[in-house]
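See structure below.
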Amino acid sequence: MAKDREYLLGMYEKSMPTTLTWKEKLLAAKEANFDWIEISIDETDEKISRLYWTKEQKDELVQLIKETGTPIYTMCFSAQRKYSLGSLGKEKHEKAMEIMKLAIDFAADIGIRIIQLAGYDCYYEEANEETRAEFIKNLKIATRMAAKKGIVMGFETMMDRPFIDTVEKGMEFVNICKSPYLGVYPDIGNLAGARNDFGYEKSVIDDIKTGEGHIVACHLKETAPKTDRSVPWGTGLTDYVADIKVLKEMGVRMFNGEFWCDHPEDWMNWLKESNKFLRDKLDQAFED
C-alpha cells in the first residue's frame with residue numbers, strides 16, 4: 001500500500017479478463033494497488049467446478065498466493081442464485097447444501113475469511129412462506145458448518161429482490177441464528193438502489209446502523225435506478241464517503257470494490273482508475 005491505512009481495499013475477480021491465469025490475476029491486483037481479491041463462485045459450471053478441486057489444485061492456488069503476496073480473503077458465493085438455501089424439493093435441497101459445505105471447505109483450505117451469501121431465499125422459483133422456512137432451516141445448518149471451520153458468512157444486500165435488500169432485513173436472519181459466524185456483508189450501492197427503487201423511508205445510513213456489531217465487510221459499488229452493475233464510478237446513487245464514515249465508526253475495516261471488466265481493451269488501466277476512485281473515497285472517510 002502507498003501508506004499505512006486503517007482499512008483494506010479488495011477487488012472483485014470479475015473486474016479482470018477471464019482469460020487470465022490465477023497468477024496473472026493475483027499480480028494484477030497487486031499492481032493496481034488492491035489488498036486482496038474476492039473470488040467469484042457464481043452459478044456457472046466453470047466457477048462451481050472450483051469447489052470440487054483436488055487437494056493438489058487448492059495447494060497450487062495457495063502457493064501462488066504466497067508467491068505473489070496477494071491474498072484471497074473473501075468469496076462472492078452467487079452460485080446460490082441457482083442452488084438456493086430456500087429451494088424446495090429433495091434434489092435441489094441436497095445440491096444446495098452440498099455446494100454450501102464445499103464452499104465452506106474451500107474457504108478454509110484456501111485461507112478465505114468471509115463468504116458473502118446471496119441475499120435470496122430462492123431466485124428461479126416463486127418465493128413464499130415455504131421457501132422462507134426452508135431457507136431458515138438450511139441457514140441454521142450452514143451457519144453451524146461455517147462455525148466448525150471458523151469461517152464467517154455475511155449476507156449481501158441485493159437491489160433486484162426485496163427478500164434481503166436492506167441491512168435490517170439481513171439482521172432478521174442473523175438474530176434468528178444467533179451465531180458469531182453469521183453477519184451482514186452489505187453492498188452500499190445496492191442499498192442506495194433498493195431505497196430508490198422500492199421507496200424505503202429509512203435512509204441508507206440509518207439502515208446500515210441497524211447492523212451494528214454484525215457487519216463483517218462492505219461492497220463498494222455504483223448503482224443507478226433499476227441498474228445494479230456497470231454504472232460508471234461517481235455517476236449514480238452511491239454516497240460513498242457518508243456511508244463509509246458510518247461503517248468506520250461501527251468498526252468495519254474491510255471494503256471490496258465490486259466492478260466488472262467493462263474496459264477489456266485497457267483493463268489494467270481500468271483497475272488502477274477504479275482503485276484511485278475508491279481509495280480517494282475511503283481516505284476521505286478515514287481521515288476525517
Side-chain angles (χ1 to χ4, degrees), residues 8 10 36 38-39 41 51 71-81 83-88 92-123 127 129-158 161-188 190-191 207-219 246-247 249-256:
L8 293 180
W36 90 88
E38 179 162 278
I39 190 172
I41 304 294
L51 301 181
I72 302 175
Y73 281 152
T74 57
M75 174 195 296
C76 182
F77 191 33
S78 54
Q80 290 182 308
R81 295 208 321 176
Y83 300 110
S84 306
L85 293 178
S87 291
L88 304 176
K92 291 180 179 178
H93 161 77
E94 290 179 349
K95 185 66 176 181
M97 296 310 293
E98 175 185 318
I99 70 162
M100 182 77 256
K101 182 180 185 304
L102 287 170
I104 292 167
D105 291 343
F106 184 93
D109 292 342
I110 300 299
I112 294 167
R113 275 72 162 160
I114 301 170
I115 296 176
Q116 186 186 57
L117 302 175
Y120 311 109
D121 55 345
C122 60
Y123 192 81
E129 287 303 313
E130 194 174 359
T131 60
R132 178 186 174 88
E134 185 74 5
F135 174 80
I136 292 171
K137 181 186 75 174
N138 293 328
L139 178 64
K140 290 178 178 179
I141 296 170
T143 302
R144 290 195 294 270
M145 290 193 295
K148 187 177 178 181
K149 290 294 180 81
I151 302 298
V152 173
M153 303 190 299
F155 292 116
E156 180 177 15
T157 52
M158 318 307 296
R161 304 287 173 87
F163 186 72
I164 298 179
D165 58 357
T166 65
V167 173
E168 188 171 23
K169 289 180 182 178
M171 283 302 301
E172 179 181 350
F173 300 103
V174 171
N175 290 329
I176 288 172
C177 290
K178 298 184 186 303
S179 169
Y181 294 94
L182 181 66
V184 185
Y185 184 161
D187 182 316
I188 59 172
N190 283 349
L191 292 178
D207 179 58
I208 289 171
K209 290 178 179 178
T210 66
E212 187 164 13
H214 299 279
I215 295 183
V216 299
C218 176
H219 261 181
V246 173
L247 290 161
E249 292 167 2
M250 294 167 65
V252 179
R253 292 296 182 269
M254 293 184 71
F255 298 85
N256 189 75

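FYI, side chains are in, hydrogens and waters are out, and symmetry mates aren't considered; it's all heavy atoms of this structure.
Scored by the side-chain hydrogen bond (donor to acceptor under 3.5 Å, both in side chains) test, T131 finds D121 as partners (sequence neighbours excluded). Shown here are the ring-ring contact (aromatic ring centres under 6.0 Å, His included) partners of F77, two or more places apart in sequence or in another chain: there are none. In this structure, the salt bridge (Lys or Arg N to Asp or Glu O under 4.0 Å) partners of E98, at least two apart in sequence or on a different chain, are K95. Residues forming a salt bridge (Lys or Arg N to Asp or Glu O under 4.0 Å) with D105 (at least two apart in sequence, or on another chain): K101, K149.
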Inset, instruction - Could you give me the CA-CA distance, side-chain angles and deciding distance for M254 and R113, then say whether side-chain contact (heavy atoms from CB on, under 4.5 Å) is met? - result: CA-CA 11 Å; M254 293 184 71; R113 275 72 162 160; 5.7 Å; no

Inset, instruction - Report the C-alpha separation of F163 and F155 in whole Å, then their side-chain angles, then the decisive distance to 0.1 Å, and conclude whether the ring pair (Phe, Tyr, Trp, His ring centres under 6.0 Å) test is met. - result: CA-CA 11 Å; F163 186 72; F155 292 116; 8.3 Å; no

Inset, instruction - List the steps and the verdict of side-chain contact (heavy atoms from CB on, under 4.5 Å) for N138 and I141. - result: CA-CA 5 Å; N138 293 328; I141 296 170; 4.1 Å; yes

Inset, instruction - Mind running side-chain contact (heavy atoms from CB on, under 4.5 Å) on H93 and L85 for me, showing each step along the way? - result: CA-CA 7 Å; H93 161 77; L85 293 178; over 6 Å; no

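Closest of all the heavy-atom pairs between P186 and L191 is CB-CD1, 4.2 Å. The heavy-atom pair separating I99 from A79 by the smallest distance is CD1-CB, 4.1 Å. Closest approach of M75 and A103 over heavy atoms only: CE-O, 3.6 Å. The shortest non-hydrogen separation linking L182 to L117 is CD1-CD1, 4.0 Å. Taking both residues in full, the closest heavy atoms of L247 and I208 are given as CD2-CG2, 3.6 Å, listed atom of the first, atom of the second, then distance. Across I104 and A142, no two heavy atoms sit closer than the pair CD1-O, 3.7 Å.
Remark: K148 NZ to T143 OG1 distance equals 15.0 Å, nearest 0.5 Å. Note that CE of M171 and CD1 of I215 are 8.5 Å apart. Values are rounded to the nearest 0.5 Å. Atom CG of L51 is separated from atom CE of M100 by 9.5 Å, given to the nearest 0.5 angstrom.
Sorted by first and then second residue, the pairs that involve residues 133-143 and meet salt bridge (charged side-chain N to carboxylate O under 4.0 Å, His left out), not counting sequence neighbours, are E134-K137. Each salt bridge (charged side-chain N to carboxylate O under 4.0 Å, His left out) pair with one or both residues in residues 166-179, not counting sequence neighbours, appears once here: R132-E172, D165-K169, E168-K202.
Using a 30° and 60° split on the angle between ring planes, Y185 and H219 fall in the perpendicular class, above 60°. The aromatic rings of W36 and Y73 lie tilted to each other, with the angle between the two planes from 30° to 60°.
Of the possible donor and acceptor atoms, none in the side chain of S87 sits under 3.5 Å from a partner among the backbone N and O of C122. Put simply, the side chain of S84 never gets that close to the backbone of G86: no donor and acceptor are under 3.5 Å apart.
Between E156 and Q80, every side-chain heavy-atom pair lies at or beyond the 4.5 Å cut-off.
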